[in-house]
Amino acid sequence: MRVSELLIPTLREVPAEAEVVSHQLLLRAGFIRKVAAGVYTYLPLAQRVLLKLVAIIREEMNKEGGQEIMMPIVQPAELWLRSGRWDVYGPELLRLNDRHDRAFCLSPTHEEMVTALVAAEVRSYKQLPLLLYQIQNKYRDERRPRFGLLRGREFIMKDLYSFHRDEKGLDITYRAMYDAYTRIFTRMGLGFRAVEADTGAIGGNASHEFMVLADSGEAVVVYCPNGSCGYAANEEKADSLFTPETGGVEGRLELVATPGMRTVGEVTRFLGVGAKQLIKTLLYQTERGLVAALIRGDREVNEVKLQNHLGVLSLELAGAEAVEAATGAPPGFSGPVGLNVPAVVDREVAAIEAGVTGANKADAHYLNVCPGRDFPVEDVTDIRLAAAGDPCPRCGQPLETVRGIEVGQVFKLGEKYSRVMEAFYLDEQGTKHPMVMGTYGIGVSRSMAAAVEQNHDADGIIWPPSIAPFHAVVLPVNDQDAEQTAAARRVYGAITAAGLEAVLDDRPERPGVKFKDADLIGYPVRVTAGRHTTEGLVEVHCRETGENVLVGEGEAVAAVKRLIEK
RNA sequence: CGGGAUGUGGCGCAGCUUGGUGAGCGCGCGUGCCUUGGGAGCACGAGGUCGGGGGUUCAAAUCCCCCCAUCCCGACCA
């Protein structure tokens, strides 16, 4: 294709709204344009990349027996009322009403719809397992869309849903999907890591997330640097070895004045004690009422762990009024002594001999607080957030953390949806069972942005060849030079005839403009027809390495191939 | 949802404090000349409801009120 005929509106300046590099470069290089906050149009170059990503995904899904279907994005409320998620999903579900005032939503995911379909059409164990997938737009009314394609309100997802007669069947497909995902992201040229993920309060017993490692990622991955161990989990799921430290020496409970000292930092400085001796008391509001979480002063609560432990659907820190009503003191002075709220005690707190806590009185703390003596220790568990430096739960080496962009997740759903949507099958004996389900997602549009986050330099994008919009650009330096333009056309023709995808930059622009655009757009290979065409030579340049070789016109195709296949 | 900021031609911005002069600058765009190995130069030119609505005033991009949009920060670790 000719660049003069393509819609590639590159920008010299960075649009003010773009914060992260993938957003900036995709805008500048003419891949995307914003329509509304978190909603984008994909221009021709982006569409080509998306089609490549989709082709890779489709191939690997089909290889595992997936059958592609298409489902409505607009879905009736009844479907979501049946699963209970109409109420649970909250404001992130983009809802709308039709002219008859019937309620609908734009689907953020299709478990309900696909399970209803299978419930209606599949009856027998002979029809299982069944793997259905779709690649479509999905919607999430983010409270705050940001980072361009990384956190949009409309995004493209591949979701595969698997239906099995039992856990054993699910395990096989789960493993197959895990392997397929590994192949997919490898083929996309992404540096990624599969990590253990949390399965949430309801259902499910295994999940992995596929993280593209990038500083701009919103997710934190905790991993063990010991290669032979290989432990890796997302921050919410991550465990660490329990290494109890008995802080302090048992003594008499003592009330001290701590005027205005609310935070751990303030209290430790004021009293001259270590943060490890502080017992933070956090009050959470749940649908079953207030709950206190006790955690060491130098730790943070892992709310996912806490929520799972409690088995509640909603969990959020209580407001100042609620804290005051329950403890009699403003936030900052809460403590477990005499507190009439059920408490979850972190196992590290239980090990403290004599700690410091809020006194449930404004401007006062207790010293020498003994767990068990001064307050009941009944519900002990691990509710702390793992952090860098903690010992690995498997091998004990210090853990490290890295940021990542979640591009895929595989999840064992179990029977949660099949039960509520009544997806049952009959076994050989004619007995009815709920189907066992799995769900496996890939963020397609997000993967494109993640690829840019990971593959760029000061000049622009550096597409991995497997997902580049075109493999090569052929660039005549001087568009007035008949020899150069003729050579460029010949090489372009040879490259495309060889089955590669190329563009010919035939614009009547000065060379600098064409070079800059080529770097910005990130074609993996550039073929330059310049001064050496008089000797029958063209330059073949690798965007990634900067490698530049002069070859005879006839060898240009082979040189391009070598660079994109390496 | 809370806080902050911004909204002026396609993009990036100035002008607003202290109301009144032809609404300006750079880039981009069109035409012509010229130039051709890293976003050239000259000339001419097109293009703007100053986010929207209301108000104050003889007069509003500029002051006041409301709304909308966009971006950033935060969303409470006691």
Would you indicate which nucleotide in B/C77, B/C73, B/U36 comes nearest to any side-chain atom of A/Gln480? B/U36
At under 4.0 Å between heavy atoms, what does A/Gly358 touch on the DNA or RNA strands: base, sugar-phosphate, or nothing? nothing
Less than 6.0 angstrom separating the ring centers of A/Trp86 and A/Phe104, yes or no? no
Please confirm whether A/Arg153 makes a cation-pi placement over A/Tyr139, using NZ or CZ under 6.0 Å from the six-membered ring centre and within 45° of the ring normal. no
Test applied, side chain to side chain donor-acceptor pair (under 3.5 Å); reference residue, A/Arg543; option that passes from A/Asn455, A/Asp459, A/Asp457: A/Asp457
Mind checking A/Val264 for me? I need base, sugar-phosphate or nothing, with any heavy atom below 4.0 Å counting as a touch. sugar-phosphate
Measuring only the P atom in each nucleotide, how far is B/G3 from B/C65? A whole number of Å is fine. 16 Å
Using whole Å, what does the distance between atom P of nucleotide B/A75 and atom CD of A/Glu92 come to? 17 Å
P atoms of B/A69 and B/G53, separation to the nearest Å: 16 Å
Go through B/G37, B/C77, B/A40 for me and flag the one nearest to the A/Thr528 side chain. B/G37
Of the candidates B/C77, B/U70, B/G37, the side chain of A/Arg531 sits closest to B/G37
Would you mind reading off the distance between A/Phe147 atom CZ and B/C73 atom C1', rounded to a whole angstrom? 11 Å
Let's test this: given Watson-Crick or G-U wobble pairing with both distances under 3.5 Å, identify the partner of B/C1. B/G74
Using the side-chain heavy atoms of A/Arg146, tell me which of these nucleotides is nearest: B/U70, B/G39, B/C73. B/C73
For a ring pair (Phe, Tyr, Trp, His ring centres under 6.0 Å) check, start with the C-alpha distance between A/Phe333 and A/His365, then their side-chain angles and the critical distance, and finish with the verdict. CA-CA 7 Å; A/Phe333 302 99; A/His365 280 75; 5.5 Å; yes
Quick note, A/Arg143 side chain, CB onward, closest among B/C76, B/A40, B/A75 is B/A75
Please tell me which of the listed nucleotides, B/C77, B/U70, B/G38, lies nearest to the side chain of A/Ala37? B/U70
Would you kindly give the CG-to-C1' distance between A/Asp505 and B/G39, to the nearest whole Å? 13 Å
Work out how far the P atom of B/G9 is from that of B/A5, and round it to whole angstrom. 22 Å
Heavy atoms only, 4.0 Å cut-off, all strands: where does A/Ala318 land among base, sugar-phosphate and nothing? base
Among the nucleotides B/C73, B/G37, B/U70, whichever has the atom closest to the side chain of A/Arg144 is B/C73
Could you check A/Pro15 against A/Val301 and say which one's nearest nucleotide on RNA chain B is further toward the 5' end? A/Pro15
Atom CD of A/Glu19 and atom C1' of B/A5 are separated, to the nearest Å, by 13 Å
Taking donor-acceptor contacts at under 3.5 Å, does the side chain of A/Arg526 reach the base of B/G38? yes
Rounding to an integer number of angstrom, what distance separates B/U35 and B/G19 when you compare their C1' atoms? 48 Å
I need the CD-P distance between A/Glu218 and B/A75, as an integer number of Å. 14 Å
Measure distances between side-chain N and O atoms of A/Glu13 and base N and O atoms of B/G26, and say whether any donor-acceptor pair falls under 3.5 Å. yes
Would you indicate what A/Thr281 reaches in the nucleic acid, counting non-hydrogen atoms under 4.0 angstrom: base, sugar-phosphate, or nothing? base
Side-chain N or O of A/Arg510 less than 4.0 angstrom from OP1 or OP2 on B/A40? yes
Between A/His23 and A/Val14, which residue's closest nucleotide on RNA chain B lies nearer the 5′ terminus? A/Val14
Would you kindly give the CD-to-P distance between A/Glu324 and B/C76, to the nearest whole Å? 19 Å
Would you mind classifying the nucleic acid contact of A/Asp481 as base, sugar-phosphate or nothing, using non-hydrogen atoms under 4.0 angstrom? nothing
Pick base, sugar-phosphate or nothing for A/Lys34, based on heavy-atom distances below 4.0 Å to the nucleic acid. sugar-phosphate
B/A23 and B/A60: how far apart are their P atoms, nearest whole angstrom? 13 Å
Should the pair A/Asp346-A/Arg299 be classified as a salt bridge under the 4.0 Å nitrogen-to-oxygen rule? no
Determine the contact category for A/Leu385: base if any of its heavy atoms lies under 4.0 Å from a base atom, sugar-phosphate if only primed atoms, P, OP1 or OP2 are that close, otherwise nothing. nothing
Using atom P in both nucleotides, what's the gap between B/C33 and B/G39 to the nearest angstrom? 24 Å
What interatomic distance, in whole Å, is found between C1' of B/C77 and the corresponding atom of B/G15? 47 Å
Taking atom types as they are modelled, is there a donor-acceptor pair under 3.5 Å from the base of B/G39 to the side chain of A/Arg28? yes
What integer distance in Å separates A/Asp517:CG from B/C27:C1'? 14 Å
Look at A/Arg12 and B/G28 and indicate whether a side-chain polar atom (N or O) is within less than 4.0 Å of OP1 or OP2. yes
Whole angstroms only, please: what is the CD-P distance between A/Glu539 and B/G37? 12 Å
Given the P atoms of B/G10 and B/C50, what is the spacing between them in whole Å? 13 Å
Strand partner of B/A61, provided both Watson-Crick or wobble distances fall under 3.5 Å: none
Could you check whether A/His23 and A/Tyr40 have their ring centres less than 6.0 Å apart? yes
If I compare all heavy atoms of A/Leu7 with all of A/Pro44, which pair ends up nearest, and what's the gap? O-CD, 3.6 Å
Could you tell me whether A/Arg146 and A/Glu19 make a salt bridge, using a distance below 4.0 angstrom between a side-chain N and a carboxylate O? no
Searching all strands shown, indicate the nucleotide that pairs with B/G41 (Watson-Crick or G-U wobble; both distances under 3.5 Å). B/C33
Testing A/Ile32, A/Val49, A/Leu43, A/Leu45 one by one against A/Leu26 for a side-chain contact (heavy atoms from CB on, under 4.5 Å), which residue passes? A/Ile32
For B/U6, what is the paired nucleotide under Watson-Crick or G-U wobble rules, both distances under 3.5 Å? B/A69
Can you say whether a donor on the side chain of A/Glu17 sits under 3.5 Å from an acceptor on the base of B/G12, or the other way round? no
Hey, does A/Ile383 reach any base, or is it just sugar-phosphate, or nothing, if we go heavy atoms under 4.0 Å? nothing
Can you tell me whether the side chain of A/Asn478 and the base of B/G37 have a donor-acceptor pair closer than 3.5 Å? no
